[in-house]
Each structure stands twice: as structure tokens, then as C-alpha cells.
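Heads up: the structure comes next, in C-alpha cells.
Everything numeric here is computed off the predicted structure, so don't read it as measured data. Throughout, a chain's letter reflects where its sequence line sits, starting with A, and its residues are numbered from 1.
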Amino acid sequence: MPGMPFEELARTSEQVAATRSRLAKRALLAAALGRAAPDELELVVTYLSGTLRQRRTGVGWAALTDLPAPAGAPTLTVTEVDRAFEAVAGHAGSGSAARRSQAMAELFGRATDLEQRLLRGLIFDEVRQGALDALVQDGVAEAFGVPVAAVQRAAMLLGSTPAAARLAREGGLAALEAVRLRVGQPVRPMLAASAADPSAALLRTGVPAVADAKLDGIRVQVHRDGGTVRLYTRTLDDITDRLPEVVDAVLALPTRDLVLDGEVVGLRPDGRPLPFQVIASRTATSVDVAAGRDRTPLRLFAFDLLRLDGRDLLDEPLEARVALLADLLPADEVVPRRSVGSADELAAVFADVVAQGYEGLVVKNPQAPYAAGRRDAAWVKVKPRHTFDLAVTAAEWGHGRREGWLSNLHLAAVHQDTGALVMLGKTFKGLTDQLLQWQTEQLLAREVRRTRGTVHVDPPPVVEIACDGVQRSTRYPGGIALRFARVLRYRDDKTVADVDTLATVLALNPLEEDAPGSG
DNA sequence: TTCCGACAGTGGGGTCGCAAT
DNA sequence: ATTGCGACCCCACTATCGGAA
């Protein structure tokens, strides 16, 4: 059994990239899926989604310098490519970078030019063919003659589109519909769309609505099976070992098995949430967890219940799941929430939670079942928006569809004492194509200096910037950086004399609290 | 015919673990 | 001991296609 040529996938990817029609992309994907051998289907699904099966390979750009020239003729199979990545992933750690480079050189040396391009795309997560997991699910549905919704649901419950594809091929619709939520098998989380303000959110969810306080922490999915608890992140990574205090809290619940969805945060003595950075530090490390737990204890705030003591709740309406959650958990282990019946009421709740230090609200349709993805916007998040006028001191050339345009702007405030410009971060968000073109012309006309990839300008134009807040930074001279900055508009009526000061930006969030445990 | 939901793309800052220096 | 790389946590926004209205 020779196996599917990798070249065939490379050619499919090239063709998918070449058309903008989604229907045409879907047809190309379906054709390739239909040609895959049974034991290679999951790999084909993975590669056509633009990803590798191995979550971490340890291979980055440093390991891909000095690659051999492309092979003249294709010989690689899909399975051989997977084996090569499995080998380097296997000795990421014990092996040396040199060993990984060597293995990659061997793989690339056997790949044609077209294949090398796909390999690079898979490694760097930039295949850019205009099709990712969602479109591949469409392709799976077409290839095996099943409804897309069934593929989506099975992929959600299995946490895997390749696994859903295998079921679709082997057992059709019946096999897909037989998939059930299993304790210990993380499911893809339901996501929220976003809205500019509370009333806009309410227009999408309808009235009445459930308004949950939005906590700025780490999303965690909890699975308990008797005495065993597992915790998973949004991308379904297992972080159980990093949060023993959360495990203990779940074990203390009067239940045999459950699956619930929530946010992990830490609280200050006054009950207000800790900054995101502090929480991220705790959840990102598995070294000396006990010390971290003592210094910064974290807590789970649940907001949804997917299963309780053998009973599947995914298809129950939110209000029923929420009621069961309230019965099961102490009030201080559930996200603060209110039921609201009007836009005025919601606006008041929004002001209230923001004043209490929460990130905002997630407004929810009480009738909606639990379903992965953003479909139908049953959940809508709203956050307060802060704005500043800042100086654009430089801009970086864009990539991909922004090739040839100055895209990523360097933003600076004015120091209130010295008058010097202090860089606070960058942004490329909020720009229309028209604005990209316009700003490229404007900035080039002000060019004073150029370094690799960056054009420096003077005098700096002024932009109105929105952001979610500020955070500590070791990267920027002011010691702070903007969080989620985006361009609202250029202010041609303003000059650098009108730019906001560092003190003004800092006033948004004084960051006066020290690291927990230090005082 | 127009509208709008879903999707992909373009990247941002911070933090950690680990290997190389 | 420090630095650089890779991975992954949080995330906003625009353009586009194609089905819905």
C-alpha cells in the first residue's frame, strides 16, 4: 500500500488558495478527502485544515534555515510526513536543535518545491489557503454525504474534526449522531460574539436575557468522574496539574460526575479580580505549583453546566442549565449573573459590574443550547471602550493580503514632564483597505528613516485609538503597554501637541497593586 | 436585490519552559 | 546567569462569500 502522495495535498492546497469561491474550495477539499485511504483520512483532514497532528514539534524558523534544494520529483507520502514530525516531536527536549534541524533537512530534501511550501505553511501556521477547520468540515460533509451540522456537532463533542471525519466515512450519519458527551473527553467550547454596547448585545440575544459578569482570566472546562478531575483550556490542553486548588474545590461538590464550563481568576482581599497577567502567570507554569498556590490562590467561577450525574445537558436551554448550576454550587463559585428584561436594566447592570472591576458582560439567550463556535450569536460579550489620541511614530510593512501597505503602527504618548514621545505598543486593527492605502501614502510622505521592515516618520500623525486597558510591560520604556489597541480614525485636526500624556493613559488603570505576596 | 451570518486573515502583548550561549 | 526560541494564554477588527430575507 503506497499511501497518498503528499504532493496531492500540496496541489489541492494550491488550488484552494487560488479560488475565492467557498463552494469551489469545498469541492476541492471534498475531492481530496474522498481519495484518502481509510488509514490516512485523519491525516489528510489535519493537513487540509492547515495544521499538524503534533501540537508541538519544537521546530520553528531557527530549525529551518539552510534547507536543501527541493526534490525534482515527488516521492513523499502523507504518512511519511507525519512520521517525520512525530520523530522530531518525540525528541523535542532530549534532543538538540541540531537534531531537529537535521531531521527537517532530510524531510525538506525529499519534498518538491510545492510540497516544501505546504510544509512551511503547516509548521508556521500560515497556509493561507482561505480554508481552515470550518471549511474542511463542509468538505467532509460533501465528501461523505452527511449534513454539515452533524459533522460540526461530532467534531465539537470529540474535540476533533479528523475523528468526526473518520466516523462520517465509516458509519455515515448514524455514526455521527451516536456521538455523546463523554466525561474526560473535552469538548470545543461555546464562544461569544461581541457587540459595541449593551443595547446592541440585547438586539442579538433578544429579551429577556441572562447577563453574566465577564471575568478576565483563563477559560477552563472541568470534567469530574468520581474521584478524578481534569481541567482543560479553551484549546483543550490539560492543565489539571497546574490548578490543584480548583481540583480540590470540584472534588468538594456533592456530585459523582459532571462537566462544567467556567473562568479561573484570582481575587484581591477586597474581592476585586486580580489583573490578567497575574492569573496567566499561575496557569502557565507547572513548576513549583504549591508555592504559586500559596502566593496566588485561584478560584473557579462556573457559568455553565454540560453534564450532571449521568445526565446530558447540552441540549437543555441555558436557563435550565443555569438553574441546576445554582443548585449545585455555592453562590461564590458561580459567575455573578442577573436576568434582565430591558435595555435600561442591562445598561445599569453593565455600569455596575464595570465599577466592580469586571471586564464587562456576556449577554446570553436563555433558550439557547450549548453549541461550539459563534453560530447564531446566542452569547454576546460587551466591554467598556477607552480612547486616546496617540502619535504614530513608525509603521511596519504588512504581509499576505496587506503586502505593499504600511500596516502595523507604532503608537506613542507624550511624557507629561519631558515632552518626549513614549512608545506604548503597536496596532494593525481597525484599518479598512481604503485607510491602509491612504495611510501608506501619508506615512511615506513623512518618512525620515527606514530600518528593516519599518518606516519611521516625522512629524508624527495623530490617531484616535481604542483599547481595553493597560498592562505592565518590560518591552516598552513607559513600563506599560496598551491592551488590544485598535485604530478608530486619524485626527488630521490634531498635532503632536494634542497627543495624550503617559499620565493620562496610566490614569485609566493605575496598576498600583503590587504582585500578590509582596506586601 | 439587499442584507447579514459565518469565515478567514492579520496580526498584538505577556508568560513560561527549555536549550544554547 | 542570561538570552532566544517555541508554544500558548488572552484578544479586535475587516473583507468576503453565499444563503436568507
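Considering only side-chain N and O atoms, A/S407 lies nowhere under 4.0 angstrom from the phosphate OP1 or OP2 of B/dT10. Taking side-chain N and O atoms only, A/S286 has no distance below 4.0 Å to OP1 or OP2 of B/dC16.
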Show the atom names and distances, to 0.1 Å, of all donor-acceptor pairs under 3.5 Å that link a side chain in residues 259-266 of chain A to residues at least two apart or in another chain.
| from | atom 1 | to | atom 2 | distance (Å) |
| --- | --- | --- | --- | --- |
| A/D261 | OD1 | A/R219 | NE | 2.9 |
| A/D261 | OD2 | A/R219 | NE | 3.4 |
| A/D261 | OD2 | A/R219 | NH2 | 2.6 |
| A/D261 | OD2 | A/Y370 | OH | 2.7 |
| A/E263 | OE2 | A/G217 | N | 2.9 |
| A/E263 | OE2 | A/I218 | N | 3.4 |

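Residues satisfying the salt bridge (charged side-chain N to carboxylate O under 4.0 Å, His left out) test with A/D433, not counting sequence neighbours, are A/R401. Evaluation of the salt bridge (charged side-chain N to carboxylate O under 4.0 Å, His left out) rule for A/R120 yields no partner, not counting sequence neighbours. Under the rule for a salt bridge (charged side-chain N to carboxylate O under 4.0 Å, His left out), A/D241 has no partner lying at least two apart in sequence or in another chain. Shown here are the side chain to side chain donor-acceptor pair (under 3.5 Å) partners of A/H415, two or more places apart in sequence or in another chain: there are none. Not counting sequence neighbours, the partners of A/D468 by the salt bridge (charged side-chain N to carboxylate O under 4.0 Å, His left out) test are A/K383, A/R486. Take A/E333 and apply the side chain to side chain donor-acceptor pair (under 3.5 Å) test, not counting sequence neighbours, and it matches no residue.
Remark: A/R53 fails to qualify as a cation-pi partner of A/Y47 under the 6.0 Å distance and 45° angle criteria applied to the six-membered ring.
A/A466 comes within 4.0 angstrom of no nucleic acid atom, judged by non-hydrogen atoms across all strands. Using a 4.0 Å heavy-atom criterion, one finds that A/K429 contacts the bases of the nucleic acid, with or without backbone contacts as well. Heavy atoms of A/I279 sit nowhere under 4.0 angstrom from any nucleic acid atom.
Distance A/Q129 CD to B/dC7 C1': 13 Å, rounded to the nearest Å.
Heavy-atom nearest nucleotides on DNA chain B were determined for A/R475 and for A/D133, and the one closer to the 5' end corresponds to A/D133. Mapping A/L132 and A/N408 onto DNA chain B by nearest heavy atom places A/L132 closer to the 5' end of the strand.
The stretch residues 386-400 of chain A does not touch DNA chain C, since none of its heavy atoms comes less than 4.0 Å from the strand.
The outermost nucleotides of DNA chain C lying under 4.0 Å from heavy atoms of chain A, listed 5' to 3', are C/dC5 to C/dG19.
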